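Scroll down for the structure; my scribbles are underneath it.
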Protein chains: 2
Amino acid sequence: MDHNSDTTEATWLASAGLRPTRQRLALAHLLIGDGQHRHVTAESLYEASRDSDEQVSLATVYNTLRVFSDAGLLREITVNGARSYFDTNVTNHPHFFWEDTEELMDAPDEDLKIAQLPKAPAGTEIAKVDVVIRLRRK
Amino acid sequence: MDHNSDTTEATWLASAGLRPTRQRLALAHLLIGDGQHRHVTAESLYEASRDSDEQVSLATVYNTLRVFSDAGLLREITVNGARSYFDTNVTNHPHFFWEDTEELMDAPDEDLKIAQLPKAPAGTEIAKVDVVIRLRRK
DNA sequence: TTCGTTGCAAACAATTTGCAACCCT
DNA sequence: AGGGTTGCAAATTGTTTGCAACGAA
């Protein structure tokens with residue numbers, strides 16, 4: 001990773017008040033290094049790190065994904081009882097989930113229009129709204 | 001369980017081509033016995049069965065929930081990486097999920113209006129659309 | 001120096017599975 | 001009788017945690 005992108009990742013961490021450790025910078029680079037939004041699982045990110053020049057242990061990948069999403073840098077998406085997915089796009093937006101390959105991707109945001117949403121019951125507020133469109137191969 | 005409800009549950013099973021075994025009838029009774037829709041986890045259903053006069057092993061509860069939802073009698077809802085929820089209401093409808101108590105319940109169906117939904121990519125069809133409104137206690 | 005962070009291994013929790021006994025049809 | 005179903009225990013899978021070594025402030 002060159003110096004410029006290194007700054008980008010450090011800024012990303014700093015914006016959430018997180019220390020720029022070697023491991024966090026490496027994972028941040030894999031997550032936002034190219035400016036594209038990305039959906040990862042702990043396992044997929046771990047493998048990406050194994051293939052890179054900065055290895056991170058699996059436990060740290062798990063811990064870091066948790067820290068990042070608690071800090072609001074990532075959004076956790078629950079589509080599958082088993083695995084957790086994390087999205088670098090933290091805004092409310094719909095997802096496609098392929099049931100056969102268990103792949104998660106963004107659905108075109110502008111194509112979902114929710115005209116009316118149930119109001120939150122008294123004493124509560126809406127933390128987020130997850131819309132998952134499950135796809136089956138025809 | 002009296003004879004009438006016994007018939008209801010047997011019919012429910014028969015409609016999906018499932019054999020009316022003692023355990024399935026007992027679980028069916030706990031699920032649809034009073035005609036109300038219900039959201040259960042394997043653990044909650046197992047406990048309900050422990051408290052009833054027809055006990056079912058935990059493994060069988062797990063297997064039966066899987067069999068029922070594969071057969072279309074239940075809908076599996078994934079809200080939480082850890083636990084799986086099963087809903088006796090198998091139609092598309094929105095859910096409220098309390099983040100603190102991990103309780104799942106129906107959101108008023110008529111209050112959700114999706115004006116436009118992304119179309120399924122070529123070669124795929126929409127299996128189902130999950131809308132989960134996550135609530136945080138204020 | 002101080003305290004947050006990492007990494008390994010062990011602990012955990014939810015769920016599935018192998019297999020022998022059992023029971024619908 | 002024959003094949004689906006059950007239940008126990010053991011195995012799996014994804015994830016978290018205890019703790020000693022390490023590194024950022």
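Naming: A, B, ... by sequence-line order, numbering from 1 per chain. Only a predicted model underlies this, so the values are computations on that prediction, with no experimental measurement involved.
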Interatomic spacing from NE2 in B:His29 to CD in B:Glu54 - rounded to 0.5 Å: 10.0 Å
Rounded to whole Å, CG of B:Leu25 lies from C1' of D:dG4 at a distance of 15 Å
Separation of A:Leu45 atom CG from D:dG14 atom P, in whole Å? 15 Å
In whole angstroms, the gap separating P of D:dG14 from CG of B:Asn80 amounts to 16 Å
Taking protein heavy atoms under 4.0 Å as touching, what does nucleotides 5-17 of chain C look like 5' to 3' if B marks base contact, S marks sugar-phosphate-only contact and - marks none? SSBB-----SBBB
Are the side chains of B:Thr101 and B:Arg137 in touch, meaning some heavy atoms are under 4.5 Å apart? yes
Exactly one of A:Lys138, A:Arg136, A:Arg134 clears side-chain hydrogen bond (donor to acceptor under 3.5 Å, both in side chains) with B:Glu125, and that residue is A:Arg136
Note: A:Glu102-A:Arg83 ion pair, threshold 4.0 Å (strictly below): yes
Evaluate A:Asp106 against A:His95 for side-chain contact (heavy atoms from CB on, under 4.5 Å), listing each step before the verdict. CA-CA 5 Å; A:Asp106 287 340; A:His95 286 101; 3.2 Å; yes
Expressed in angstrom and rounded to an integer, what is the separation of A:Leu13 atom CG from D:dA25 atom P? 11 Å
Which residue in the set A:Leu73, A:Leu18, A:Leu74 passes side-chain contact (heavy atoms from CB on, under 4.5 Å) when paired with A:Val67? A:Leu18
